[in-house]
Amino acid sequence: QVQLEESGGGSVQAGGSLTLSCAASGSIFRSNTMGWYRQAPGKQRELVADYSSGGRTNVAGSVKGRFTISRDNAKNTVNLQMSSLRPEDTAVYYCNIRFHFGVFPVYWGQGTQVTVSS
């Protein structure tokens, strides 16, 4: 029904930058929130940032000022521009979309690895 395609992960040295991209396809209900979560080894998955179709954003305090989320409602895409990366940002990053109706269905991308070395 819904597919999420992620790109942009990789390895970078501390202080560097990466941009993650995600495109949703399929049956996309226009009222939704798209965003990024991450999960480091041994830790729970946590919200990094998300952005609703209505323009509301949430950004984790640990990345505020360093990461910027953007989206294109018409294209059903969301980007995460990451700068001043730190080793503690190392994690698998997952794209997410959730729809604002019914049981609020959620879909996840396969995850993309981001590794920040010292």
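Predicted model only: the values in this text are computed from it and were never measured.
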Is [Y] reachable from [X] through a run of I, L, V, M, F, W or Y residues, each pair having side-chain heavy atoms under 4.5 Å apart?
{"X": "L18", "Y": "V59", "result": "yes"}
{"X": "L4", "Y": "V106", "result": "no"}
{"X": "Y37", "Y": "Y51", "result": "no"}
{"X": "V78", "Y": "L47", "result": "no"}

Residue pair [X] / [Y]: nearest heavy atoms and the distance that separates them:
{"X": "A91", "Y": "A40", "answer": "CB-N, 3.8 Å"}
{"X": "M34", "Y": "A24", "answer": "CE-CB, 4.0 Å"}
{"X": "R86", "Y": "S62", "answer": "NH1-O, 4.2 Å"}
{"X": "W36", "Y": "C22", "answer": "CZ2-CB, 3.6 Å"}
{"X": "V2", "Y": "I28", "answer": "CG1-CD1, 3.9 Å"}
{"X": "V114", "Y": "G9", "answer": "CG2-CA, 4.3 Å"}

Count the heavy atoms of every other residue, nucleotide or ligand shown that sit under 6.0 Å from CD of Q13, and state whether that count exceeds 12.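 Counting neighbours around CD of Q13, 12 or fewer heavy atoms of other residues, nucleotides or ligands fall under 6.0 Å, so no.
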
For Q44, does the CD atom sit with more than 12 other heavy atoms under 6.0 Å from it, leaving out its own atoms? no

Under 30°, 30 to 60°, or over 60°: which ring-plane class applies to F67 and Y93, parallel, tilted or perpendicular? tilted

Backbone N or O of [Y] within a donor-acceptor pair of the [X] side chain at under 3.5 Å?
{"X": "D72", "Y": "T77", "result": "no"}
{"X": "S31", "Y": "H100", "result": "no"}
{"X": "E6", "Y": "L20", "result": "no"}

Have E5 and S7 got a donor and an acceptor in their side chains that come within less than 3.5 Å? no

With no hydrogens and no angle check, do the side chains of S25 and Q3 hold a donor and an acceptor under 3.5 Å apart?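 S25 vs Q3: no donor-acceptor pair found between side chains.
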
Going from [atom1] on [X] to [atom2] on [Y], what distance comes out if it is rounded to the nearest 0.5 angstrom?
{"X": "Y94", "Y": "E46", "atom1": "OH", "atom2": "CD", "value": "12.5 Å"}
{"X": "T33", "Y": "N96", "atom1": "OG1", "atom2": "CG", "value": "8.5 Å"}
{"X": "R66", "Y": "M82", "atom1": "CZ", "atom2": "CE", "value": "9.5 Å"}
{"X": "N76", "Y": "R71", "atom1": "CG", "atom2": "CZ", "value": "7.0 Å"}
{"X": "I97", "Y": "N32", "atom1": "CD1", "atom2": "CG", "value": "4.0 Å"}
{"X": "L80", "Y": "T19", "atom1": "CG", "atom2": "OG1", "value": "8.0 Å"}

Verify side chain to side chain contact (heavy atoms under 4.5 Å, CB included) between Q113 and T90, making sure each step is shown before the conclusion. CA-CA 8 Å; Q113 177 71 45; T90 296; 3.9 Å; yes

